[in-house]
Amino acid sequence: MAGRLAGKVAIVTGSSSGIGQSIAIRYAQEGANVVVDYRKRPEGADDTKKQVESAGAKAVVVQADVSKHADTQKLVDQAWQQLGRCDILVNNAGVEKGADFWDVTEQDYDTVLNVNLKGAFFLAQAFVRRLRDAKLPGRIINISSVHEDMAFPHFSTYCASKGGMRMLTRDLAVELGPIGITINNIAPGAIATPINKSLLEDKEKLNALLKNIPLGRLGTCDDVSALAAFLASDEAAYITGSTHVVDGGLMVSYHEQ
Ligand SMILES: NC(=O)c1ccc[n+]([C@@H]2O[C@H](COP(=O)([O-])OP(=O)(O)OC[C@H]3O[C@@H](n4cnc5c(N)ncnc54)[C@H](O)[C@@H]3O)[C@@H](O)[C@H]2O)c1
């Protein structure tokens with residue numbers, strides 16, 4: 001199949017909805033076969049699978065909770081067993097829990113850090129081990145957030161997880177470069193997806209946010225997946241260890257009203 005990702009296989013975590021779904025479909029349109037990971041919503045994963053297949057690519061649906069070490073290994077094993085290789089990993093699965101810092105529970109801390117950071121860490125490890133053994137190059141793309149850098153009061157666990165992801169990417173760029181694996185973060189600003197349900201339903205908060213976005217609108221999943229496709233392609237061969245912001249200018253203009 002023609003396209004910038006022809007012949008490649010990608011794992012996209014949390015691809016039953018939102019940004020992950022959009023990346024899985026975009027990769028298929030660019031020629032890649034895709035492992036569609038979901039945690040709880042098989043119907044969302046089936047929808048992604050159908051759209052991947054109508055783009056002319058193969059999709060393998062795998063139920064895997066990335067916060068569980070064994071499930072991260074399962075995702076990589078399934079890619080190799082069912083699709084014969086695995087060149088691209090997109091660590092997209094993520095959760096957020098809002099609370100004043102003094103009210104954060106151990107359970108919420110574990111949930112957010114285990115999905116957003118531990119999951120990305122050990123999935124990358126399983127992905128890299130197979131490539132290292134096969135002496136093949138690869139691409140890791142983490143869906144981080146502007147909050148790997150920018151404060152988000154009352155979301156301290158989310159900020160800690162994305163800040164950790166920022167530093168993990170810089171560290172792994174150095175460690176993995178010599179074996180031909182690049183790693184980059186995409187830092188979305190405010191994108192219209194299910195994770196922002198409460199914001200999207202609160203007109204006042206939404207309008208205040210829009211005033212902080214120079215381009216005057218929320219981002220779309222396609223805005224993010226276009227960059228994810230570029231970073232996975234040969235055109236991005238010399239890019240590693242960086243964060244690439246997709247936020248309509250939010251980070252350079254943000255101020256409280
Ligand atoms: N939407 C935004 O404004 C925005 C901004 C910055 C960063 N992000 C990041 O983008 C990523 C995707 O979020 P989204 O906006 O598409 O929202 P979303 O809620 O649609 O997507 C998150 C996905 O992660 C999956 N997931 C959660 N826990 C999981 C687990 N343990 N194992 C496997 N999958 C799991 C969910 O099922 C869901 O499909 C997240 O990492 C989020 O932090 C989103």
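Numbering starts at 1 and runs along the sequence shown. Order of appearance sets the numbers: ligands from 1, and atoms from 1 within every ligand.
Considering only non-hydrogen atoms, atom 32 (N) of ligand 1 lies nearest to Val66 out of Ile195, Val66, Asp71.
Residue Lys162 places a heavy atom under 4.0 Å from ligand 1. The shortest heavy-atom distance from Ala192 to ligand 1 is not under 4.0 Å.
Distance from atom 43 (O) of ligand 1 to its nearest protein heavy atom, with residue and atom name: Tyr158 OH, 2.6 Å. In terms of protein heavy-atom proximity, atom 39 (O) of ligand 1 is closest to Ser17 OG, 2.9 Å. Nearest protein neighbour of atom 5 (C) of ligand 1, counting heavy atoms only, is Gly189 O, 2.9 Å. Counting only heavy atoms of the protein, atom 16 (O) of ligand 1 lies nearest to Ile19 N, 2.8 Å. Of all protein heavy atoms, the one lying nearest to atom 7 (C) of ligand 1 is Ser144 O, 3.1 Å. In terms of protein heavy-atom proximity, atom 25 (C) of ligand 1 is nearest to Gly14 CA, 3.7 Å. In terms of protein heavy atoms, atom 12 (C) of ligand 1 is closest to Asn92 OD1, 3.1 Å. Protein heavy atom at the shortest distance from atom 15 (O) of ligand 1 is Thr193 OG1, 2.5 Å.
Close contacts of ligand 1 with Pro188, meaning ligand atoms under 4.0 Å from a residue heavy atom, involve 5 (C), 6 (C), 7 (C). For ligand 1 and Pro194, the ligand atoms under 4.0 Å from any heavy atom of the residue are 20 (O). Close approach of ligand 1 to Asp65 (heavy-atom distance below 4.0 Å) involves ligand atoms 30 (C), 31 (N), 32 (N). Listed by number with element, the atoms of ligand 1 under 4.0 Å from a non-hydrogen atom of Val95 are 27 (C), 28 (N). Atom numbering of ligand 1 starts at 1 in the shown order; those under 4.0 Å from a heavy atom of Asn196 are 1 (N), 2 (C), 3 (O). Near Ser16, the atoms of ligand 1 lying under 4.0 angstrom from a non-hydrogen atom of the residue are 39 (O). Under a 4.0 Å criterion applied to the non-hydrogen atoms of Ala93, ligand 1 contributes the atoms 24 (O), 26 (N), 33 (C), 34 (N), 35 (C), 41 (O). Those atoms of ligand 1 with a heavy atom of Gly94 less than 4.0 angstrom away are 22 (C), 24 (O), 27 (C), 40 (C), 41 (O).
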| message | Please evaluate residues Asp37 and Val62 with respect to the criterion side-chain contact (heavy atoms from CB on, under 4.5 Å), reporting the C-alpha separation (whole Å), side-chain torsions for both, the decisive distance (0.1 Å), and the verdict. | response | CA-CA 5 Å; Asp37 159 59; Val62 178; 5.5 Å; no
| said: One pair to check against side-chain contact (heavy atoms from CB on, under 4.5 Å): Thr193 and Ser17. What are the steps and the verdict? | reply: CA-CA 8 Å; Thr193 72; Ser17 65; over 6 Å; no
| Stepwise, does the side-chain contact (heavy atoms from CB on, under 4.5 Å) test hold for Phe122 with Gln73? | CA-CA 8 Å; Phe122 284 106; Gln73 186 63 52; over 6 Å; no
| task | For side chain to side chain donor-acceptor pair (under 3.5 Å), just list the numbers for Ser67 and Asp65, CA-CA rounded to whole Å, side-chain angles, deciding distance to a tenth of an Å, and then say yes or no. | result | CA-CA 5 Å; Ser67 69; Asp65 176 343; 2.6 Å; yes
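Under 4.0 angstrom from ligand 1, there are no non-hydrogen atoms of Ser15. The part of Asp37 lying near ligand 1 is the side chain, judged by heavy-atom distances below 4.0 Å. Of all the heavy atoms of His147, none lies under 4.0 Å from any atom of ligand 1, so neither backbone nor side chain is involved.
Rounded to the nearest 0.5 Å, atoms CG (Asp71) and CZ (Arg39) are 11.5 Å apart. Remark: Phe152 CZ to Lys162 NZ distance equals 11.5 Å, nearest 0.5 Å.
Taken together through direct or relayed side-chain contacts under 4.5 Å among Ile, Leu, Val, Met, Phe, Trp and Tyr, Val35 and Leu231 form parts of separate hydrophobic clusters. In the hydrophobic cluster analysis, where Ile, Leu, Val, Met, Phe, Trp and Tyr join through side-chain heavy atoms closer than 4.5 angstrom, Val90 is grouped apart from Val9.
Checking only distances, Gly20 never comes within under 3.5 Å of ligand 1, N or O to N or O. Residue Ala190 has no nitrogen or oxygen atom sitting less than 3.5 Å from a nitrogen or oxygen atom of ligand 1, judged on distance alone.
In this structure the side chain of Leu136 never reaches within 4.5 angstrom of the side chain of Asp87, judged on heavy atoms. At a threshold of 4.5 Å between non-hydrogen side-chain atoms, the residues Val174 and Arg170 do not count as touching.
In the model, Thr220 has a side-chain atom that pairs as donor or acceptor with a side-chain atom of Asp223 under 3.5 Å. Side chains of Glu148 and Thr243: a donor-acceptor N/O pair is present below 3.5 angstrom, by distance only.
With sequence neighbours excluded, the residues forming a side chain to side chain contact (heavy atoms under 4.5 Å, CB included) with Ala45 are Ser16, Val36, Tyr38, Val61, listed by chain and number.
Checked for salt-bridge contact, Asp77 and Arg130 meet the test: a charged N lies under 4.0 Å from a carboxylate O.
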